[in-house]
Amino acid sequence: MSQSVLPLAAPHRVGVAKLLSALGYHVVVPDYRGFGDSTGEPTESGLTTDALHVYNWVKARSGDSLVVIWGHSLGTGVSCNTAVKLLEQGVVFDGVILQGAFSGVLHPIPFNIFIWYYWTFPGIKNLFSFLTEEKKVVFPTEQNVKKMKSPILFLHSEDDHLVPIQTAREIYEFAAKAQSKDRVKFVTFDGSLGYLHNGLYRDPKLPGII
């Protein structure tokens, strides 16, 4: 039986999909396992495996088109894990976009901070339960970006209330040093705009940045 926890129809998910569609891109937005129309239970390895399957499915149908992965929040960890797994197979993403990037090593996941915003959603404990188990997830994003060969675009709001912008800056520095500042970009959005963690899709300059 499917659930409707943090559905893809959440306003910021729809906002990003509409933005990309308006720019002429095809968009695939999968549910995490155990949520929306997906079955199973979310784990770090499971989410990474699912992302690999999505990439292979898209690549088989995309012809000569570029395939870029966009990770937001927890998805930045999944995206970087996936990029490194693909690299081990000799495959490189055409581009990686990381919005609200965090690292579970540099700054261990602050459980209560990530939870409070979503706590009113039925079943939300299912999504975050694996973050509090004895075997915590890692999502070593700063180590992953040192290995990645894809161009990377970091997007972060200065008033992000869940992931401090300094965390993303540190990850960016690792990535830029590993590749170059021509291939790794860091774009910030003024805190006075009130975008917080989810609202960057509303910025009128974002289409041009992408």
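Each residue takes its place number in the sequence, starting with 1.
Atom CD of Gln166 is separated from atom NE2 of His156 by 10.0 Å, given to the nearest 0.5 angstrom. Note that OG of Ser103 is 8.5 Å distant from CD of Glu170, once rounded to the nearest 0.5 Å. Taken from CG in Leu66 to OH in Tyr25, the straight-line distance is 8.5 Å, to the nearest 0.5 Å. Remark: Thr167 OG1 to Glu142 CD distance equals 10.5 Å, nearest 0.5 Å.
In summary, the side chains of His197 and Ser157 do not present any donor paired with an acceptor at a separation below 3.5 Å, with no hydrogens or angles considered. Between the side chains of His12 and Arg202, no donor N or O sits under 3.5 Å from an acceptor N or O. Judged purely by distance below 3.5 Å, without hydrogens or angles, the side chains of Tyr195 and Asp159 never pair a donor atom with an acceptor atom.
For NZ of Lys18, the number of neighbouring non-hydrogen atoms (other residues, nucleotides, ligands) closer than 6.0 Å is 12 at most. Within 6.0 Å of NZ in Lys85 there are 12 or fewer heavy atoms belonging to other residues, nucleotides or ligands.
For the pair Thr76 (side chain) and His72 (backbone), a donor-acceptor distance under 3.5 Å is absent.
Cluster membership check: Leu98 does not share its hydrophobic cluster with Leu87, using side-chain heavy-atom separations under 4.5 Å among Ile, Leu, Val, Met, Phe, Trp and Tyr. In the hydrophobic clustering of ILVMFWY residues, with side-chain heavy atoms under 4.5 Å counting as a link, Val54 and Ile69 come out together. Linking ILVMFWY side-chain heavy atoms closer than 4.5 Å, directly or via other members, places Val145 and Val92 in two distinct hydrophobic clusters. Residues Leu196 and Ile165 do not share a hydrophobic cluster, clusters being chains of Ile/Leu/Val/Met/Phe/Trp/Tyr side chains in contact below 4.5 Å.
Tyr172 and Phe154 have perpendicular rings, their planes meeting at more than 60° on a 0 to 90° scale where under 30° would count as parallel. Between Phe139 and Phe102, the ring-plane angle classifies as perpendicular under the 30° and 60° cut-offs.
A 4.5 Å side-chain heavy-atom check between Val96 and Val68 finds every atom pair outside the cut-off.
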